[in-house]
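Have a look at the structure below, then the notes.
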Amino acid sequence: MAVTEKDAGTEALKRGARRTALLSPRYAGVGALILVIIVLQFFFTNNFHYDVAIKIGLSAIVCVGLNLLIGYAGQISLGHAGFFGLGAYSSAILTDSYGWPPLASLFAGLVLVGVLSFVLARPILRLKGHYLAMATLGMGIIISIVLNQEVDLTGGPDGMPVPAFSLFGWSPNSEPAWYWLVSGVLVVTVWLSLNLIDSSIGRALRAVHGSEVAAETVGVDTTRYKVLIFVVSALFASLAGSLFAHYTGFLTPVVAEFFTSIQFVIMVVFGGMASVFGSVVGAAVLTALPEFLTVLHDYEHLVFGLLLMLTMIFMSKGLLPSLIILIRRRLP
Amino acid sequence: MTLLVVENLSKEFGGIHAVEDLTFSIAPGTIHSIIGPNGAGKTTLFNLITGVYVPSSGSIRFDGEEISGRPTFELAKRGISRSFQNLQIFFNMTALENVMVGRHLHQRRGLLAAMLRFPGSVRADEAARQKASELLAYVGLEQYLGAEADSLPYGALKRLEIARALAAEPKLLLLDEPAAGCNATETQEIDDLIQKVAAGGVTVVLVEHDMRLVMGISDHILVLDYGKKLTEGTAEEVRGNPDVIAAYLGAGAASEAGAASEAGGGTEAH
Amino acid sequence: MLAEFLQFLFSGITVGAIYALVALGFSIIYNASHVINFAQGEFVMIGGMATVFMMAGGLPLPAAMLVAVAIAVCAGLALERFAVGQSRGASVVTLIIITIGASIFLRGLASVVWDRNFHTLPSFSGDEPIRLAGATLTPQSLWVLGVTLVVAVLLFWFFTRTLMGKAMLATAHNRLAAQLVGINTRFVLMLSFGLAAALGAIGGILITPIAPTYFEGGVMLGLKGFSAAIVGGLGHGLGAIVGGLIVGIAEAMGAGYISSAYKDAFAFVLILLVLFFMPSGLFGVRGTERV
Ligand SMILES: Nc1ncnc2c1ncn2[C@@H]1O[C@H](COP(=O)(O)OP(=O)(O)OP(=O)(O)O)[C@@H](O)[C@H]1O
Ligand SMILES: [Mg+2]
């Protein structure tokens with residue numbers, strides 16, 4: 001009796017798991033993302049459209065990584081533009097001044113950012129709440145000041161040129177080529193992140209957010225996982241930064257500014273914390289909006305700030321999760 | 001052989017001696033209760049044993065090794081797990097995932113394997129899911145298998161914490177007021193659950209204000225008052241001790257309570 | 001040697017006093033609501049900019065200053081009433097984003113209502129420098145120090161001697177208990193935002209004759225004020241003042257003796273060191289988190 005009952009339960013669990021698997025973010029979500037990427041491209045009539053889409057993709061890569069840290073693990077960072085900037089400048093300096101191949105420079109950037117974020121993570125992530133915000137903010141600003149002041153290396157505020165990207169002889173030399181490259185990287189980023197969240201590491205990260213002390217009492221080394229995800233999110237930012245440098249072909253320290261960090265965080269929170277696709281949506285809306293609202297140029301700050309406050313006050317879960325809740329309510 | 005030995009343990013919070021010069025030991029395979037009035041230092045003691053607080057002085061030995069001041073997650077590895085008086089649920093996950101976190105130590109935890117979804121990592125995850133669902137059923141929460149943790153009622157959350165702690169397969173399980181806020185039926189269920197867990201070979205340390213539960217279930221009881229040991233012994237020994245009654249109800253009420261406890265021991269102290 | 005040192009010290013103390021005013025604003029709001037108001041720097045900017053434009057509109061300096069403080073206070077009250085106050089119980093991250101949104105909004109508003117240029121104010125009482133052991137001190141620096149001192153004393157009096165001040169402290173300590181004894185905590189919140197805005201605006205007015213301001217001029221001042229608040233211990237009044245002076249002096253000494261290019265970096269290096277080695281600041285109390 002007890003045995004059959006248990007088996008029935010297990011069967012139901014498996015069936016349920018299979019059904020939800022097909023609707024899961026991993027399959028349905030990634031499928032939808034790929035579909036959108038392909039379909040969208042038919043609507044692009046000029047390079048400006050591609051340009052906006054590429055910038056969206058690059059921001060989305062950063063934001064998906066940052067969301068692992070902020071949304072899932074519950075640790076804020078107001079300094080990730082620093083890592084974005086370090087990746088960008090590593091690529092720029094190594095290819096332009098030292099003639100390294102772009103791919104090697106990109107990896108050198110990843111190593112630099114990986115080591116730096118690892119070293120900083122331990123003392124920084126011991127802090128909580130506002131103190132953590134302050135420390136990451138300080139870290140980002142210091143990086144940005146260094147990039148501004150080391151004129152011999154970076155060209156300072158005037159910026160520096162960046163040679164074209166190339167990948168085993170192939171070079172994305174048109175907007176559409178960049179579009180496919182960035183989209184490909186984004187899809188891989190999303191897929192890796194979804195896998196991570198749905199693993200024991202992902203659960204440990206969410207547990208850190210839910211209750212650090214409870215996570216520790218079942219054996220989760222919370223410090224280790226916070227450090228881990230800080231480094232992973234920094235690496236995503238560095239990768240996107242390297243691509244950004246080659247794509248724009250000219251780099252200024254604005255990429256590493258405090259305000260750039262804030263923009264990344266805003267995209268994450270606006271799109272929806274602890275929602276990978278929310279970050280993509282957040283990056284898309286907030287990157288595209290200013291590009292298409294150029295008529296509002298003078299009012300850009302005003303509108304942006306107002307929008308931000310309104311979303312946070314009336315949809316504190318963020319855009320995508322709020323939409324999903326709304327749709328679920330409509331469909332019984 | 002003793003599982004846990006606490007010697008001259010003290011913890012101060014800026015002048016308050018929450019635990020003071022406490023010495024006791026816990027034998028394996030027992031249900032051991034710690035009782036005492038509010039503020040006696042019971043939760044603080046749990047926090048010391050599980051490494052949440054660092055002792056001001058004294059020693060704690062588990063399985064023969066000194067563990068005082070070790071980090072909490074390391075003690076979990078050695079086999080100490082617990083529940084909390086003030087619920088510590090992962091409200092950002094489902095009930096099942098809460099228990100799956102408890103399987104953390106028994107799962108592969110490679111970053112690349114997880115990100116690339118290696119088959120081994122997927123299988124291990126399935127096993128953890130399976131084990132967690134069994135544990136939910138074990139504590140009587142099978143109806144919440146797919147539920148978000150924040151949709152569970154209070155009593156269920158208490159049991160969810162126990163399931164999560166059990167998922168780590170501890171040798172020593174510390175339960176901080178598992179029956180608080182529960183009605184008579186729920187308390188009886190917790191009672192049964194604790195006995196079931198202990199019968200499975202886990203040593204249980206229970207902090208509880210429900211005297212009927214404590215007296216009925218415990219092999220051994222330690223009474224704390226103002227951070228110090230008032231007395232310890234079997235339920236009978238403790239029940240009859242006038243100091244205990246005085247500590248709980250104030251000296252004046254001692255005789256009255258003594259009569260009540262003789263009549264069946266149903267006093268619930270608050 | 002000494003003259004040089006004194007010169008750096010004077011400029012450090014002057015700018016440090018401004019940081020202290022901003023830090024006090026942070027601490028007052030933090031105490032009342034546990035919100036870090038990232039728009040605090042914008043109050044400083046509003047103070048300076050509004051005074052400039054009121055004077056351009058024909059008001060004499062004292063009247064322009066009063067109007068500027070009033071405008072900043074209105075901005076502060078509106079921020080509490082329409083944004084922060086709408087989000088009771090939201091997470092720290094949400095609140096941080098709301099106040100960042102407010103700061104972007106206020107900057108945008110300033111750039112539209114006023115303009116995007118740099119502006120300065122005349123010194124309050126001339127520019128004849130005062131010589132002191134080889135170093136010079138401008139009269140405006142004395143104004144900064146004097147006003148900051150007066151404000152600090154007034155605040156101290158307010159929080160220790162008046163019923164309203166005590167009500168604010170009580171609310172900071174335990175909001176529920178404060179409500180139970182009949183304190184209007186809603187009003188306390190409004191008051192704290194108004195007070196913080198006034199402090200920021202005063203700082204902005206004082207510093208504009210020394211350092212010209214523009215619509216984004218509040219960002220760095222705000223962040224350094226935040227650093228100062230944390231160096232001193234978040235929510236601690238005396239800590240905010242000492243923290244402000246430390247950040248100001250460290251910055252001036254760093255710029256003078258080490259590298260003027262990295263002037264802005266010193267405050268942040270200092271804050272990282274403090275956070276790593278003294279996470280609750282100089283005056284903050286360290287407690288054990290309860291479980
Ligand atoms: N983190 C802390 N910081 C300061 N004081 C604390 C802390 N934790 C506990 N205390 C104090 O230590 C004493 C013992 O508290 P504890 O929570 O251990 O009591 P308890 O026996 O669990 O009480 P209860 O039955 O009410 O749960 C109390 O005076 C309490 O205020
Ligand atoms: Mg307790």
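Just so you know, these numbers come straight off a predicted model, no measurement behind them. Values below: every heavy atom of this structure, side chains too, minus hydrogens, waters and symmetry copies.
Comparing C:L95, C:T99, C:L109, C:L223 by how many heavy-atom pairs each has under 4.5 Å with chain A, the most go to C:L223. Ranked by heavy-atom pairs shorter than 4.5 Å toward chain A, the options C:V274, C:I36, C:V269, C:V92 are led by C:I36. With chain C as the partner, the residue from A:L310, A:L137, A:V265 showing the most heavy-atom pairs under 4.5 Å is A:L137.
Interface residue A:I313: backbone and side-chain heavy atoms are both found under 4.5 Å from chain C. Heavy atoms of C:I271 lying under 4.5 Å from chain A belong exclusively to its side chain. In this structure, chain A has heavy atoms under 4.5 Å from both the backbone and the side chain of C:I98. Residue A:K317 does not touch chain C at all, counting heavy-atom pairs closer than 4.5 Å. Looking at C:L106, neither its backbone nor its side chain comes within 4.5 Å of chain A, counting heavy atoms on both sides. Residue contact with chain C, scored on non-hydrogen atoms closer than 4.5 Å, involves the backbone and the side chain of A:A135 alike. Contacts of C:L275 with chain A are made by both backbone and side-chain atoms, with heavy-atom separations under 4.5 Å. Both the backbone and the side chain of A:E150 come within contact range of chain C, with heavy atoms under 4.5 Å apart. Contact of C:V84 with chain A is not made at all, since no heavy-atom distance falls under 4.5 Å. Only the side chain of A:F258 comes within less than 4.5 Å of a heavy atom in chain C; its backbone stays farther off.
Side-chain contact between A:V269 and C:V93 is present, with heavy atoms from C-beta onward closer than 4.5 Å. Between A:I142 and C:L272 there is a side-chain heavy-atom pair separated by less than 4.5 Å. Taking 4.5 Å as the limit, every side-chain heavy atom of A:F304 sits out of range of all side-chain heavy atoms of C:R107. Between A:I141 and C:M220 the shortest side-chain heavy-atom distance falls below 4.5 Å. Put simply, the side chain of C:S87 does not reach to within 4.5 Å of the side chain of A:M312, judged on heavy atoms. C:L234 is listed as a side-chain neighbour of A:Y131, based on a closest heavy-atom distance under 4.5 Å. Under the 4.5 Å side-chain criterion, counting only non-hydrogen atoms from C-beta, C:I104 is in contact with A:F259. Using a 4.5 Å heavy-atom threshold, the side chains of C:I97 and A:L308 count as touching.
C:R81 CZ: 12 or fewer foreign heavy atoms inside a 6.0 Å radius. Other residues, nucleotides and ligands place more than 12 heavy atoms under 6.0 Å from the OH atom of C:Y257. Atom CZ of C:R116 is surrounded by more than 12 heavy atoms from other residues, nucleotides or ligands within 6.0 Å.
How far CZ of C:F215 is from NE2 of A:H301: 5.5 Å, rounded to the nearest 0.5 Å. Note: C:F105 CZ to A:L307 CG = 12.0 Å, rounded to the nearest 0.5 Å. We find the CE-OG distance between A:M309 and C:S103 to be 9.0 Å, quoted to the nearest 0.5 Å.
Nearest approach of A:G138 to C:F268, heavy atoms of both residues: CA-CD2, 3.8 Å. The shortest heavy-atom contact between A:I266 and C:I100 is CD1-CG2, 4.4 Å. Across A:S316 and C:T94, no two heavy atoms sit closer than the pair CB-CG2, 4.2 Å. Here the shortest heavy-atom pairing between A:M134 and C:S227 reads CE-OG, 3.3 Å.
Ring to ring, A:H130 and C:F226 are not that close: their centroids are 6.0 angstrom or more apart.
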task = Given side chain to side chain contact (heavy atoms under 4.5 Å, CB included), test A:L78 with C:F38 step by step and report yes or no.
result = CA-CA 12 Å; A:L78 297 182; C:F38 275 88; 3.9 Å; yes
key: Test side chain to side chain contact (heavy atoms under 4.5 Å, CB included) applied to C:Y262 and A:V146, step by step   = CA-CA 8 Å; C:Y262 280 99; A:V146 171; 3.9 Å; yes
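Checking side-chain atoms of A:Q149 against main-chain N and O of C:A261 turns up a donor-acceptor pair under 3.5 Å.
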